[in-house]
Peer 1: 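Next up is a structure, given as structure tokens.
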Amino acid sequence: MHMNSATIRQKFLEFFESKGHKIVPSAPLVLKNDPSLLFTNSGMVQFKDNFLGNAVPKSKRVADTQKCLRVSGKHNDLEDVGLDTYHHTMFEMLGNWSFGDYFKKEAIAWAWELLTEVYQLPKDRLYVTVFGGDKGDNLPVDEEAKDLWRAVVAEDRILHGSKKDNFWEMGESGPCGPCSEIHIDLRPAEEVAKKPGRELVNSDHPQVVEIWNLVFIQFNRLASGALEPLPDKHVDTGMGFERLCMAIQGKTSNYDTDVFRPMMDFIAMHGNVKYGDNIKTDIAIRVMADHIRAVSFAISDGQLPSNTGAGYVIRRILRRAVRYGFSYLNFKEPFMHRLVPLLAIQLKDVFPELHQQQEYVEKVVHEEEISFLRTLEKGLKRIENFDKVISGEQAFELYDTFGFPFDLTSLIARERGWSVDEKGFNEEMAKQKSRSKADASKETGDWVTVAEGDKPEFIGYDELTSTSRILRHRKVKQKNKELFQLVLDKTPFYAESGGQVGDTGVLEIAGEKIQVVDTKKENDLIVHWVEKLPAQIEAPVTALVNVPKRKLSMSNHSATHLLHAALRQVLGKHVEQKGSLVNDKILRFDFSHFAAMTNEELSRVETIVNEKIRENIQLDEKRHVPIEKAKALGAMALFGEKYGEFVRVITFDPSFSVELCGGTHVKATGQIGLLKIVSESSVAAGVRRIEAVTADGAFEYLNGFYNQLEQIKSQLKNPKDVVASVQTLAEEKQALEKKLEIIYQQQANQIKDVLAAKVVKSNGHSLIIERVTVPTADGLKNIAYALRNQFDDLILVLAADIEGKPQVAVMLGEKVEAAKKFHAGNMVKELAKEIDGGGGGQPFFATAGGKKLEGLGNVIVKATELVK
RNA sequence: GGGGGAUUAGCUCAGCUGGCUAGAGCGCUUCCAUGGCAUGGAAGAGGUCAUCGGUUCGAAUCCGAUAUUCUCCA
């Protein structure tokens, strides 16, 4: 049966919609507020809070296709992608969920119905697995699932799986449970006849593969390792979209489906090769076709390539693709960015965020390619200095310090018949890793429940104090520093999010004051970071936010909205927020724009914002607005931001600034007082950064300048025009320096002439041995060089008094130097003894300094003897 | 967050273990040659060697701190 990939995806969503599921959009690829994960790596990530009980699900039945990214983990490593025919960095995961609603029965029946009836996959090629039990966890075989399968599948197609394959866990701790997988055998009939597919399930055969995993979440794993049953049971399923397409379209590789093939043909055409002709070029084509997806979607979700964290992963993925193109397809110029439009069109209807930002993504990719190609070029130059045997340290330095990939080093070495010490390289790498690990070690303890409570409530939009209770706490150990995390039933503390920093403040518990050093979100949980636990953990807590700090943050945050709107007015609608930081000192706003802003543009933006401040526009805050309605109001939603069903809308003048935002804001813009832009700079290709200060910060900033100017003015005796005055001063200084230089030169010349007149001809040499007084060592040098230019048979010894310090200089003429009878360096060393000093230099010119000024006379005497 | 590197003329860079009065190519200015030019020739301007401190007779070079930037690891 033939179906294209778009149809396959659509049928999945339609199927579950018909079974009462709500179809939701994919969450962004890049995660915020989750310390345990950098990227969405499976469909369930966006529902984590539902499983953890921290959030109420939007609907009890949900289905979607989710963008996922995997670059490391037990089954996945970036370096494997492209080598085989089934690993990917970015992939789509189709999934259906039940939150305390249906369980194994429906999940199993529907999965089977979809695969065999809608997709018409052959039943005689399908196998299912069920959890076979585990002694360590004291769990039996999942008989419930097995019975349900028996209703549709022959007994001999139902297999038992180990804990590794059939018991799913979110992480070290948290919700988990047994799972049931559906596998398909895609081998040709003659091979199936030789060996039954059931023997190849879960044995890494590229054509006997898992296509769907149905997870039945029924336990919670504690940090101690023990399991406790969950009150609500959930279903979490995930089906790899690309693999499903392969199965339905009857291909033997994910890359042969219409998900990848058009892209690969495009790459092959421009690389002047044919896919399938050569294993090396095939790998390169797959790598590029795969990686551009991960990179493009990460960027469209707001993650720029960078040198830390998630951004670094994106950089690595892009660089790997460039590397393969460079080495095997001879792409010496940026090429990857040209794939972006193809991808944008292909997935326009599924993930519109890329299509909407196509130009921006292209630009970022292009710039990143250029910079990496430059890195490669520098590395290639460096390799030219190596020879035959490249040591592990050399290869590692090239990689670690200069970013030159190891496989390129060994490739080049192979081409030239050189050798590379790979073992040595790996050893250096291991050292680097252990250094970093030692630094990053962190231990997180189990949550200790103090009191039961619903989802903690944030009341900080309206209140800055509250009377609360501690719900739970835990210990976190990081770099020998012990901190505690507290969760309150309700809190006025704002948790870091949307760029605004977390609140600090004090918790008062039974007379004890506990400092809150930071407040952060962990998924939807508001976590207060404190340095110690209160003695009376169950007593009521008075929570007091640090008000002055918070107010400044509010001022900066509201100003950010005004700035955003003003930028769109001045520069155009292509301006989109790409990041922001708001604290009590400064606001930083990153946005997409392709050129540096002119001073005129900056001042227009500043003027608009300050006008809006003076208009003292009242804050219009709407909570719980349905997202569709908010968008209809013209609210700016950000790419890469995860929004719930209901959102908060912040408006300052409906015709000026309407934004979806969870941050805290001033009651009216007048409270901002003043906004002053401090700097405008570039962060990446197509992204500019503005830093600004407001309120007290702006006043201090401008006052600082004012005071500085006052000081300068008074230093200059209060001229009418300070700027002109400074300019004149600088010009005069330069002119004076020139004059002084000329005078020094003249002085030196005079001394030189005097000395030249005292030349004594002796043994065919022009001898000058004199005591002089000069202002600087440089002057002494100049005189010596001038005399060398005058006499090619010169032997010069000068004993100088330079501002009370003895100095000796010896200079030889060209001929004397060539004769090699005298050596200035040796001579000066001998003479330096007389002034308690040391020195040296080149064969024809050397200097020495010392401490004993009275010794200068002896220097003359000794020098006279030396040249005899 | 931790490690390594870089910062020299407007631009791209050289300057080895401290010591040729800090260089090259491109660009710039002036002049000469040709009908024209990414033309050829000649002369010239342009540098607090990132900043601050230290070691030394002497620091672009060695050491420390700061700033900026590249890069690897987490």
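Below, chain A is the first sequence line, B the second, and so on; all start at residue 1.
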Peer 1: Can you classify the ring geometry of A:His337 versus A:His366 as parallel (below 30°), tilted (30 to 60°) or perpendicular (above 60°)?
Peer 2: parallel

Peer 1: Regarding A:Gln790 and A:Lys752, do their side chains bring together a donor and an acceptor under 3.5 Å, going by distance alone?
Peer 2: yes

Peer 1: Report the distance from atom CZ of A:Phe404 to atom P of B:A6, rounded to the nearest whole Å.
Peer 2: 19 Å

Peer 1: Contact class for A:Arg319 (heavy atom, under 4.0 Å): base, sugar-phosphate, or nothing?
Peer 2: sugar-phosphate

Peer 1: Expressed as a whole number of Å, how far does the P atom of B:C62 sit from that of B:U17?
Peer 2: 7 Å

Peer 1: Rounding to an integer number of angstrom, what distance separates B:C32 and B:G58 when you compare their C1' atoms?
Peer 2: 45 Å

Peer 1: If pairing requires Watson-Crick or G-U wobble contacts with both distances under 3.5 Å, which nucleotide is the partner of B:U30?
Peer 2: B:A42

Peer 1: Would you please test A:Tyr399 and A:Phe404 for ring pair (Phe, Tyr, Trp, His ring centres under 6.0 Å) and show each step?
Peer 2: CA-CA 4 Å; A:Tyr399 171 71; A:Phe404 196 78; 9.7 Å; no

Peer 1: Rounded off to whole Å, could you give me the CG-to-P distance for the A:Leu798 and B:C57 pair?
Peer 2: 20 Å

Peer 1: How would you label the contact of A:Gly841 with the nucleic acid (heavy atoms, under 4.0 Å): base, sugar-phosphate, or nothing?
Peer 2: base

Peer 1: Do A:Asp400 and B:G5 share a donor-acceptor pair, side chain to base, under 3.5 Å?
Peer 2: no

Peer 1: Indicate, with a heavy-atom threshold strictly under 4.0 Å, whether A:Gly838 touches base, sugar-phosphate, or nothing.
Peer 2: base

Peer 1: Please determine, for the side chain of A:Arg315, which listed nucleotide (B:U71, B:C20, B:C57) has the closest atom?
Peer 2: B:U71

Peer 1: Roughly how far apart, to the nearest Å, are B:A50 and B:U56 at atom P?
Peer 2: 23 Å

Peer 1: Please determine whether any donor N or O and acceptor N or O are separated by less than 3.5 Å between the side chain of A:Thr401 and the base of B:G3.
Peer 2: no

Peer 1: Where the side chain of A:Asp503 meets the backbone of A:Ala495, is there a donor-acceptor pair that is under 3.5 Å apart?
Peer 2: no

Peer 1: Quote, to the nearest angstrom, the P distance that separates B:G3 from B:U48.
Peer 2: 33 Å

Peer 1: Please state the P separation for the pair B:U8 and B:C49 - nearest whole angstrom.
Peer 2: 11 Å

Peer 1: Report which part of the nucleic acid A:Arg316 touches: base, sugar-phosphate, or nothing (heavy-atom distance under 4.0 Å, all strands).
Peer 2: sugar-phosphate

Peer 1: With both distances kept under 3.5 Å, what pairs with B:C16, Watson-Crick or G-U wobble?
Peer 2: none

Peer 1: In whole angstrom, give the distance that lies between atom CZ of A:Arg435 and atom C1' of B:G3.
Peer 2: 5 Å

Peer 1: Tell me the interatomic distance from A:Lys833, atom NZ, to B:C57, atom C1', rounded to whole angstroms.
Peer 2: 15 Å

Peer 1: CD of A:Glu397 versus P of B:G4: gap in Å, rounded?
Peer 2: 12 Å

Peer 1: Rounding to an integer number of Å, can you tell me how far A:Gln842 CD sits from B:U17 C1'?
Peer 2: 15 Å

Peer 1: What nucleotide among B:G5, B:U71, B:A74 has an atom nearest to a side-chain atom of A:Ser436?
Peer 2: B:A74

Peer 1: Within the 4.0 Å heavy-atom criterion, would you say A:Thr308 contacts the bases, only the backbone, or no part of the nucleic acid?
Peer 2: base

Peer 1: Using a 4.0 Å heavy-atom cut-off, does A:Asn789 contact any base of the nucleic acid, only the sugar-phosphate backbone, or nothing at all?
Peer 2: base

Peer 1: Test ring pair (Phe, Tyr, Trp, His ring centres under 6.0 Å) on A:Phe822 and A:His765 and set out the steps.
Peer 2: CA-CA 11 Å; A:Phe822 294 102; A:His765 294 130; 5.7 Å; yes

Peer 1: For the P atoms, the ones on B:C31 and on B:G54, what distance do you get once it is rounded to whole angstrom?
Peer 2: 49 Å

Peer 1: For the residue pair A:Phe705 and A:Tyr701, categorise the inter-ring angle as parallel (less than 30°), tilted (30 to 60°) or perpendicular (more than 60°).
Peer 2: perpendicular

Peer 1: Which part of the nucleic acid, if any, lies within reach of A:Gly309 when heavy atoms closer than 4.0 Å are counted: base, sugar-phosphate only, or nothing?
Peer 2: base

Peer 1: Identify the nucleotide, in any strand shown, that forms a Watson-Crick or G-U wobble pair with B:G25, with both distances under 3.5 Å; if there is none, say none.
Peer 2: B:C11

Peer 1: Where the side chain of A:Thr375 is defined as all heavy atoms beyond and including C-beta, which of B:U71, B:C72, B:G1 is the nearest nucleotide?
Peer 2: B:U71

Peer 1: So what does A:Phe844 hit on the nucleic acid, given a heavy-atom distance under 4.0 Å: a base, only sugar-phosphate, or nothing?
Peer 2: sugar-phosphate

Peer 1: Please classify the nucleic acid contact of A:Gln432 as base, sugar-phosphate, or nothing, using heavy-atom distances under 4.0 Å.
Peer 2: base

Peer 1: Could you give the distance separating B:A45 and B:G53 at their C1' atoms, to the nearest angstrom?
Peer 2: 34 Å

Peer 1: Return yes if some donor-acceptor pair links the side-chain N/O of A:Thr773 with the main-chain N/O of A:Ala800 below 3.5 Å, else return no.
Peer 2: no

Peer 1: Considering every strand shown, what is the Watson-Crick or G-U wobble mate of B:G1 when both distances are under 3.5 Å?
Peer 2: B:C73

Peer 1: Here's one to test your reading of the geometry: is the NZ or CZ of A:Lys332 within 45 degrees of the ring axis of A:Phe326 and under 6.0 Å from its centre?
Peer 2: yes

Peer 1: Applying the Watson-Crick and G-U wobble criteria at under 3.5 Å, what pairs with B:A50? Answer none if nothing qualifies.
Peer 2: B:U66

Peer 1: For B:G1 and B:U12, measure between their C1' atoms and round to the nearest Å.
Peer 2: 35 Å

Peer 1: If I take atom NZ in residue A:Lys829 and atom C1' in nucleotide B:G19, what distance separates them, rounded to the nearest angstrom?
Peer 2: 11 Å

Peer 1: With a 3.5 angstrom cut-off on both distances, give the Watson-Crick or G-U wobble partner of B:C37, or none if there isn't one.
Peer 2: none

Peer 1: Which sits closer to the 5' end of RNA chain B, A:Phe845 or A:Lys433, going by the nucleotide each is nearest to?
Peer 2: A:Phe845

Peer 1: Does B:G58 pair with anything, Watson-Crick or G-U wobble, both distances under 3.5 Å, and if so, with which nucleotide?
Peer 2: none

Peer 1: Under 4.0 Å between any heavy atoms, over every strand shown, what does A:Gly839 touch: base, sugar-phosphate, or nothing? Just pick one.
Peer 2: base

Peer 1: Using whole Å, report how far NZ of A:Lys378 lies from C1' of B:U12.
Peer 2: 9 Å

